[in-house]
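Okay, structure first, notes after.
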Amino acid sequence: MSENNQLRDVFDAIADPTRRRLIHLLSEAEELPLHELTVHFPMGRTAVSKHLTILKEAGLVLDRKVGRETRFRLNASPLQEIQDWVAYYNKFWSTNMFRLSQLLEEEEE
């Protein structure tokens with residue numbers, strides 16, 4: 001768990017395709033109410049709300065009340081943890097593929 005006191009791991013939160021789709025939808029808008037998010041899924045408001053709660057626990061979604069409506073917006077900063085992890089393994093594989101390429105070139109000589 002990262003230093004910003006998240007209740008849920010970011011990797012766990014984005015593991016589900018529905019939650020990744022919610023992140024994508026929220027990335028394209030400043031903020032969206034639950035009923036506008038729900039129309040994009042073959043499930044009810046309660047199920048979408050549960051997914052949003054998981055994203056909120058991971059720090060990926062912020063919400064605010066406007067009258068009787070709750071509006072959601074993306075907080076992308078926790079995704080940096082994933083970016084850092086991917087960057088590490090990208091460097092790892094690039095280095096190893098370069099070494100393999102060198103070995104294959106040496107064998108051809």
Side-chain angles (χ1 to χ4, degrees):
M1 199 153 24
S2 70
E3 66 275 351
N4 63 354
N5 220 9
Q6 297 167 337
L7 298 173
R8 187 176 296 271
D9 181 73
V10 175
F11 289 88
D12 179 48
I14 67 161
D16 185 273
T18 299
R19 293 191 288 271
R20 290 193 304 270
R21 176 80 173 128
L22 282 165
I23 289 170
H24 179 77
L25 291 168
L26 291 169
S27 74
E28 294 180 329
E30 187 173 323
E31 118 183 319
L32 291 169
L34 180 58
H35 72 272
E36 286 186 33
L37 290 165
T38 303
V39 299
H40 296 278
F41 301 95
M43 61 185 77
R45 291 170 68 119
T46 302
V48 172
S49 182
K50 287 180 182 181
H51 284 290
L52 286 164
T53 298
I54 291 169
L55 292 172
K56 187 176 171 185
E57 289 173 352
L60 290 163
V61 168
L62 303 172
D63 65 351
R64 71 182 181 102
K65 286 280 196 185
V66 178
R68 295 176 58 199
E69 181 178 77
T70 303
R71 294 175 173 255
F72 299 90
R73 66 184 166 95
L74 179 64
N75 176 32
S77 60
L79 293 173
Q80 184 63 48
E81 180 180 353
I82 293 165
Q83 176 62 34
D84 294 345
W85 185 83
V86 169
Y88 172 82
Y89 285 100
N90 187 40
K91 183 178 177 184
F92 169 83
W93 283 112
S94 294
T95 300
N96 285 315
M97 294 305 284
F98 178 73
R99 288 179 185 158
L100 177 60
S101 175
Q102 285 180 322
L103 285 172
L104 291 173
E105 286 177 11
E106 288 174 10
E107 276 189 16
E108 288 179 358
E109 294 174 358

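Note that the structure is predicted; figures quoted are calculated from it, not measured. If you read the sequence from its start, that first residue is 1, and numbering goes on from there.
In the hydrophobic clustering of ILVMFWY residues, with side-chain heavy atoms under 4.5 Å counting as a link, V86 and L79 come out together. In this structure, L62 is not a member of the same hydrophobic cluster as V10, with clusters built from ILVMFWY side-chain heavy atoms closer than 4.5 Å. Residues I82 and F92 share a single hydrophobic cluster, defined by chaining ILVMFWY side chains whose heavy atoms lie under 4.5 Å apart. Hydrophobic clustering of Ile, Leu, Val, Met, Phe, Trp and Tyr side chains at less than 4.5 Å, counting indirect connections, unites L55 with F41.
Looking at heavy atoms from C-beta onward, R21 lies out of side-chain contact with P17 at the 4.5 angstrom threshold.
T70 pairs with exactly one of D63, L34, L52 by the side-chain contact (heavy atoms from CB on, under 4.5 Å) rule, that one being D63.
Enclosure of atom CD in Q102 by more than 12 non-hydrogen atoms of other residues, nucleotides or ligands within 6.0 angstrom is indicated. The number of heavy-atom neighbours closer than 6.0 Å to OH of Y88, taken from other residues, nucleotides and ligands shown, is 12 or below.
Residues E30 and R73 come closest through the heavy atom pair O-CB, 3.1 Å. Taking every heavy atom of both residues into account, L74 and L60 meet most closely at CD1-O, 3.3 Å. Pairing each heavy atom of L25 with each of L37, the nearest pair is CB-CD2, 4.1 Å. Smallest separation of non-hydrogen atoms from E36 and H40: O-CD2, 3.2 Å.
Rounded to the nearest 0.5 angstrom, L100 CG and M97 CE are separated by 5.5 Å. From W85, atom CH2 reaches atom CG of N90 across 11.0 Å, with rounding to the nearest 0.5 Å. Going from atom CG of L22 over to atom OG of S27 covers 11.0 Å, rounded to the nearest 0.5 Å.
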* Asked: Taking it one step at a time, do H51 and V61 satisfy side-chain contact (heavy atoms from CB on, under 4.5 Å)?
  -> CA-CA 10 Å; H51 284 290; V61 168; over 6 Å; no
* **Worked check of side-chain contact (heavy atoms from CB on, under 4.5 Å) between E57 and T53** => CA-CA 6 Å; E57 289 173 352; T53 298; 3.8 Å; yes
* Intermediate values then yes/no, side-chain contact (heavy atoms from CB on, under 4.5 Å), E69 and H35 -> CA-CA 9 Å; E69 181 178 77; H35 72 272; 3.1 Å; yes
* **Chi angles and distances behind the ring pair (Phe, Tyr, Trp, His ring centres under 6.0 Å) call for Y89, W93** => CA-CA 6 Å; Y89 285 100; W93 283 112; 8.3 Å; no
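The backbone N or O of K91 sits nowhere less than 3.5 Å from a side-chain atom of S94 that would complete a donor-acceptor pair. Side chain of R20 to main chain of I14: a donor-acceptor pair is present (N/O by atom type, distance under 3.5 Å, no hydrogens or angles).
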